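Notes for the one structure printed next.
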Amino acid sequence: MISRRTFTTAVGLGLGAAALPADASAAAPATTLPGIAPGTHTAFADLKRVRAGVLDIGYAELGPEHGPAVVLLHGWPYDIHSFVDVAPLLADAGHRVIVPYLRGHGTTAFLSPTTPRNAQQSAIALDVVALMDALRIRQAALAGFDWGSRTADIIAALWPERVRALVSVSGYLITDVASQRNPLPPKAEHTWWYQYYFATDRGRVAMETRQNRHDLCRLVWDEVSPTWDFDDATFERTAAAFENPDYAAIVIHNYRWRLGLADGERRYDPYERRLAARPAIAVPTIALDPALDPFLASTDGSGYRRFFTGPYEHRVLAGIGHNAPQEAPTAFARAVLDAERLAVRQ
């Protein structure tokens, strides 16, 4: 967490602290955001690539180069288009917005064919830290959902000095593999059907087969966002990211690893041991629970509240399903700006 003095200094250096005066919480109202309908934007104008860690990462970038940085992290089965409406709102508010394809997605590629196609949680988190390093971003607000929430949570827990503020859909998602061996209530297990499908060779082959992969991902979209009236073109723009040659391997490994059915890499063991202890997150956080997300046992946030020990707010997104930023872009962008205001009050 950052003090007001540190915050003001960072602004002067242009290194990613929130672009607000030191007394903004008392002197300035919340930034006004225009209401924007989902689907207002359909594409990112400029896609870039940068070598970071073991990857050549593809990403979109919007906003002023020296604005306070925000990194937006997508989930599965989604891609950077989950933020196609959120990113312009934040850029217009003066932020440097970075939206990367996670490993195995879109234009992100492994630098070496011999690097294990590993999708354990700490590996993905370190990808994002390496991206920030490559782009010379000392500190950023992190916001994500699904895999993106988990990744942002991990960075906030293990490297809090890199995180100015956090927006985490579904709250605390850091995985303890040992606890994953315990069965959930039957209704919850039913919702996670694809996780168990991917544990089989049949599921692996489905993900490796273009039409089956396409149709399975589309089915998940329909099931987890029951009121989102997206069209075929919206899905197809994201489905293009599933054509990455490492996509199937990354998705299958992620879900098998989380169930304890696939090994990770030994070099990540120190991080995973720390994560298994369920570390607290002390950075300023806004947790979002989409009211229609079938993966949530409840939307009151009580199940994970104890893991957030710093400035904190919990919000429910009424009428919204799992893909929160694409279904409710204004509310998501508002949460990012408000999380940064929590940081200013430190």
Side-chain angles (χ1 to χ4, degrees), residues 38 72-78 82-83 86 102 121 124 142-154 156-157 166-177 179-198 216-230 238 251 254-255 258-259 275 278-281 283 285-309 312-336 338-339:
L72 304 175
L73 301 169
H74 68 80
W76 182 89
Y78 305 97
S82 288
F83 301 102
V86 172
L102 299 184
Q121 61 182 355
I124 297 174
L142 301 184
F145 74 107
D146 196 88
W147 290 21
S149 285
R150 180 173 297 106
T151 302
D153 288 352
I154 291 168
L166 173 69
V167 173
S168 185
V169 176
S170 308
Y172 191 91
L173 293 183
I174 294 174
T175 298
D176 173 11
V177 174
S179 70
Q180 293 283 93
R181 299 190 179 98
N182 299 321
L184 298 170
K187 185 177 181 180
E189 297 280 33
H190 178 268
T191 302
W192 282 102
W193 63 269
Y194 57 83
Q195 179 170 262
Y196 310 119
Y197 185 43
F198 294 158
L216 185 151
C217 292
R218 175 62 186 255
L219 176 60
V220 172
W221 274 42
D222 290 335
E223 289 186 343
V224 303
S225 295
T227 61
W228 181 28
D229 187 23
F230 63 90
T238 287
V251 172
N254 180 279
Y255 288 104
R258 283 160 59 182
L259 289 175
L275 295 172
R278 311 282 272 177
I281 293 173
V283 306
T285 299
I286 291 181
L288 300 176
D289 280 343
L292 301 183
D293 188 339
F295 299 115
L296 295 176
S298 70
T299 59
D300 63 6
S302 60
Y304 54 72
R305 176 64 183 92
R306 68 188 185 279
F307 295 111
F308 296 97
T309 59
Y312 174 86
E313 290 183 15
H314 174 267
R315 299 177 181 179
V316 176
L317 300 178
I320 300 302
H322 189 66
N323 186 4
Q326 201 161 2
E327 296 181 56
T330 303
F332 193 93
R334 174 80 271 152
V336 174
D338 288 350

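Worth saying up front: this structure is predicted, and the values here are computed from it rather than measured. Scope of the values below: all heavy atoms of this structure, side chains included, with no hydrogens, waters or symmetry mates.
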Which residues pass the salt bridge (Lys or Arg N to Asp or Glu O under 4.0 Å) test with Glu189, sequence neighbours left out?
->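 Residues passing salt bridge (Lys or Arg N to Asp or Glu O under 4.0 Å) with Glu189: none at all.
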With sequence neighbours left out, write down each residue that passes salt bridge (Lys or Arg N to Asp or Glu O under 4.0 Å) with Arg218, or none if nothing qualifies.
->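 So Arg218 forms a salt bridge (Lys or Arg N to Asp or Glu O under 4.0 Å) with Asp222, Asp232.
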Would you say [X]'s side chain and [Y]'s backbone share a donor-acceptor pair under 3.5 angstrom?
| X | Y | result |
| --- | --- | --- |
| Glu327 | Ile320 | no |
| Ser225 | Gly321 | no |
| Gln121 | Arg150 | no |
| His314 | Thr299 | yes |

Is the closest side-chain heavy-atom distance between [X] and [Y] below 4.5 Å?
| X | Y | result |
| --- | --- | --- |
| Trp192 | Leu259 | no |
| Tyr194 | Val251 | no |
| Leu166 | Phe308 | yes |
| Trp76 | Asn254 | no |
| Asp176 | Ile174 | no |
| Trp228 | Leu292 | no |

What is the distance from atom [atom1] of [X] to atom [atom2] of [Y], rounded to the nearest 0.5 Å?
| X | Y | atom1 | atom2 | answer |
| --- | --- | --- | --- | --- |
| Ile281 | Asp153 | CD1 | CG | 4.0 Å |
| Leu296 | Asp289 | CG | CG | 5.0 Å |
| Gln326 | Phe230 | CD | CZ | 9.0 Å |
| Tyr172 | Arg278 | OH | CZ | 5.5 Å |
| Leu288 | Glu313 | CG | CD | 10.0 Å |
| Trp147 | Arg258 | CH2 | CZ | 7.5 Å |

How would you list, by chain and number, every residue that makes a ring pair (Phe, Tyr, Trp, His ring centres under 6.0 Å) with [X], sequence neighbours excluded?
| X | value |
| --- | --- |
| Tyr196 | none |
| Tyr197 | none |
| Tyr78 | Phe145, Trp221 |

Can you name the nearest heavy-atom pair linking [X] to [Y], along with the distance?
| X | Y | result |
| --- | --- | --- |
| Val316 | Ala291 | CG1-CB, 4.0 Å |
| Ser82 | Asn323 | OG-OD1, 3.2 Å |
| Phe332 | Gly144 | CZ-N, 4.1 Å |
| Pro279 | Ala157 | CG-CB, 3.8 Å |
| Val220 | Pro77 | CG1-CD, 3.7 Å |
| Val86 | Pro325 | CG2-O, 3.5 Å |

Test: Arg305 cationic atom under 6.0 Å from Tyr312 six-membered ring centre, within 45° of axis =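 Flagged: Arg305 positioned over aromatic ring of Tyr312.
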Val167 and side chain to side chain contact (heavy atoms under 4.5 Å, CB included): which partner among Thr285, Asp338, Leu142, Val336?
->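 Passing option: Val336.
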Non-neighbouring partners of His322 that pass side-chain hydrogen bond (donor to acceptor under 3.5 Å, both in side chains), sequence neighbours left out |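 Once residues adjacent in sequence are excluded, the partners of His322 under the side-chain hydrogen bond (donor to acceptor under 3.5 Å, both in side chains) criterion are Asp146, Asp293.
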